[in-house]
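Report on the structure given below.
Remember, predicted model here, so these are calculated numbers, not experimental data.
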Amino acid sequence: MAIYAIGDIQGCYHSFRNLLAEIGFDYKHDSLWLVGDLVNRGSGSLDVLRWVFQNQSRLVTVLGNHDLHTLVVSEGFVKQHRSDTIQPLLDAPDASELLTWLRHQPLVHFDHGYLMVHAGLLPQWSIPTALMLGKEVEAALQDRHYRDFMRAMYGNQPNLWNDNLTGNDRLRVITNAMTRLRVCKPSGEMEFEYKGEVDNIPGGLLPWFEIEARESRETKVVFGHWSALGLLKRDNLIALDTGCLWGGKLTAMRLDDQKIYQVTCSEEDHPLSIDFNQ
C-alpha cells in the first residue's frame, strides 16, 4: 500500500485523473492525502468533489481557503469573486450532500510521521498544539450552529496568536494560519497580502517555515497554498502547490520514499474566464 500526497487541485479534474493514472493509483490498496483547495478556479470543481466524495474511504483531505470560501458562499454570507468557478457545484442536485461532507473535513492531519495542513503553522504551535487547535475549528464547523462561525470567519484580525484568545477571534486566527498563511514576522504576526516568490518577500517578513524558533520544525510538514513557491522538498518540509491552473503542473509525492510525480495542466481544466497572461 502506498500513500500519495497531492497538491492543490482547484477544480482541475482532468489533470487530477491524469495524475492518478501517472502514479498508477491502486483503488484497492493505495490512499491519497489531499492538501486542500479541492475546488474553485478550474472548470471541474463539481467533478472533483464528486470523485473525492465517492472515494472518501481511500483518502484524507484537509480544508483549504478555497474550500472554506465555497462553503461560505453556499450559505450566502459572501458573494462569489469574478474568478470563482463554483456555480455548477452550487447548482448541482447533490450540492448539499457534497458541501456537508466538505464542511466535516479536518484542517490538519497527522500520521506516518507527517503533518498535513493547507497553508502553514504559526511558530508557537507544536504538533500536539496544532492538532488540538485544528479540532477547535472543526468542532465549530460541524456544530449545529456552524453558520454562526461561518458568518464571523472572514477577516485579518487578530493576526497574532495569543493563548488567551477566545471565541471567534481565536477560531479566526487558527483558520487563517492553517488555510491562508504564507509569510509572517518572527513573532508570528501574519501578513496576508503577499503571494509572490520567496526572493521578493518584503523586509521584516519571512516564510512561515523559516522562523528559526518554529515549534514544529522537527516534524515533516506537507502543505500547499503557495503556488509561487512551487515544489519544495526538505528533510522537514514538502510544498506541493505547483500552480497547475496557472501554467504549472499538478504534483504528487509518495510518502514512503518522497518520489515525485507530475502532470501538466489539461486544457480541459481551463475556465473560459481565466487570463494566463496576468
Original post:
salt bridge (charged side-chain N to carboxylate O under 4.0 Å, His left out) between Arg234 and Glu210: does it pass, once the steps are laid out?
Top reply: CA-CA 12 Å; Arg234 299 180 180 174; Glu210 297 284 12; 2.8 Å; yes

**OP:** Under the side chain to side chain donor-acceptor pair (under 3.5 Å) rule, what do Thr242 and Thr251 come out as? Steps first, then yes or no, please.
**Re:** CA-CA 7 Å; Thr242 46; Thr251 298; 2.6 Å; yes

Cut-off 3.5 Å, no hydrogens considered: what does the side-chain donor-acceptor table look like for residues 172-179, sequence neighbours left out?
residue: Arg172; atom: NE; partner: Ala152; partner atom: O; Å: 3.0
residue: Arg172; atom: NH1; partner: Gln157; partner atom: O; Å: 2.7
residue: Arg172; atom: NH1; partner: Asp169; partner atom: OD1; Å: 3.0
residue: Arg172; atom: NH2; partner: Ala152; partner atom: O; Å: 2.9
residue: Thr175; atom: OG1; partner: Leu171; partner atom: O; Å: 2.8
residue: Asn176; atom: OD1; partner: Arg180; partner atom: NH1; Å: 3.2
residue: Asn176; atom: ND2; partner: Gly155; partner atom: O; Å: 2.9
residue: Asn176; atom: ND2; partner: Arg172; partner atom: O; Å: 3.4
residue: Thr179; atom: OG1; partner: Thr175; partner atom: O; Å: 2.7

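Looking at residues two or more places apart in sequence or on another chain, you find a side chain to side chain donor-acceptor pair (under 3.5 Å) between Gln80 and Gln87. With sequence neighbours excluded, no residue forms a ring pair (Phe, Tyr, Trp, His ring centres under 6.0 Å) with Phe149. In this structure Lys185 satisfies the salt bridge (Lys or Arg N to Asp or Glu O under 4.0 Å) test together with Glu189, sequence neighbours excluded. Qualifying ring pair (Phe, Tyr, Trp, His ring centres under 6.0 Å) partners for Phe25, counting only residues two or more places apart in sequence or in other chains: Tyr27.
The closest side-chain donor-acceptor pair between Asp241 and His225, if any, does not fall under 3.5 angstrom. With hydrogens and angles left out, the side-chain atoms of Asn40 and Thr70 include no donor and acceptor closer than 3.5 Å. Checking Ser216 against Thr219 by side-chain atom types alone, no donor-acceptor pair falls below 3.5 Å.
Checked by atom type and distance alone, the side chain of Asn236 never pairs as donor or acceptor with a backbone atom of Glu218 at under 3.5 Å. Ser15 places a side-chain N or O within 3.5 Å of a backbone atom of Ser266 that can act as its donor or acceptor partner. Between the side chain of Arg217 and the backbone N or O of Arg214, at least one donor-acceptor pair lies under 3.5 Å. The backbone N or O of Ala119 sits less than 3.5 Å from a side-chain atom of Trp208, completing a donor-acceptor pair. Panel note: side chain Gln142, backbone His104; a donor-acceptor pair is recorded below 3.5 Å. Between the side chain of Gln105 and the backbone N or O of Trp101, at least one donor-acceptor pair lies under 3.5 Å. Remark: the backbone N or O of Leu205 is not paired with any side-chain donor or acceptor of Glu191 at under 3.5 angstrom. Listed for the Arg182 side chain is no donor-acceptor partner under 3.5 Å among the backbone atoms of Leu229. Between the side chain of Lys233 and the backbone N or O of Gln258 there is at least one donor-acceptor pair closer than 3.5 Å. Between the side chain of Asn200 and the backbone N or O of Glu197, no donor-acceptor pair lies under 3.5 Å.
Val183 and Leu160 are members of different hydrophobic clusters when ILVMFWY side chains are connected at heavy-atom separations under 4.5 Å. Clustering ILVMFWY residues whenever any of their side-chain heavy atoms sit less than 4.5 angstrom apart, transitively, puts Trp51 in a cluster other than the one holding Trp33. Taking hydrophobic clusters as Ile, Leu, Val, Met, Phe, Trp and Tyr residues chained together by side-chain heavy-atom distances below 4.5 Å, Phe110 shares a cluster with Leu32. Tracing side-chain contacts under 4.5 Å through hydrophobic residues (I, L, V, M, F, W, Y), one never reaches Leu255 starting from Leu19; they form parts of separate clusters. Cluster annotation: Tyr146 is connected to Leu68 through the hydrophobic network of ILVMFWY side chains, with a link wherever side-chain heavy atoms come within less than 4.5 Å.
Within the 4.5 Å cutoff, the side chain of His66 has heavy atoms near those of the Arg41 side chain. By the 4.5 Å heavy-atom criterion applied to side chains, Val72 and Glu75 are not counted as neighbours. No side-chain heavy atom of Leu250 sits less than 4.5 Å from a side-chain heavy atom of Cys12. Between Val221 and Ile238, every side-chain heavy-atom pair lies at or beyond the 4.5 Å cut-off. By the 4.5 Å heavy-atom criterion applied to side chains, Val222 and Leu115 are not counted as neighbours. Ile3 has its side chain within reach of His112: a pair of non-hydrogen atoms, C-beta onward, lies under 4.5 Å apart. With a 4.5 Å cut-off on side-chain heavy atoms, Leu102 and Leu63 count as touching. Counting heavy atoms from C-beta on, the side chains of Tyr154 and Phe77 never come closer than 4.5 Å.
The two atoms that bring Pro123 and Ile211 nearest to each other are CB-CG2, 3.7 Å, heavy atoms only. The minimum heavy-atom distance between Gly42 and Leu245, with the atom names listed, is N-CD2, 3.6 Å.
We find the CG-CG distance between Leu46 and Leu98 to be 6.5 Å, quoted to the nearest 0.5 Å. Rounded to the nearest 0.5 Å, atoms CG (Leu20) and CD (Glu22) are 10.5 Å apart.
Using a 4.0 Å cut-off between a side-chain N of Lys or Arg and a carboxylate O of Asp or Glu, Asp257 and Lys259 do not qualify as a salt bridge. Taking the charged nitrogens against the carboxylate oxygens, Asp94 and Arg50 do have a contact shorter than 4.0 Å, which makes a salt bridge.
The aromatic rings of His81 and His69 lie parallel to each other, with less than 30° between the two planes, well short of the 60° mark. Between Tyr261 and Tyr4, the ring-plane angle classifies as perpendicular under the 30° and 60° cut-offs.
Among residues at least two apart or in separate chains, ring pair (Phe, Tyr, Trp, His ring centres under 6.0 Å) pairs with a member in residues 158-198 are Trp125-Trp161.
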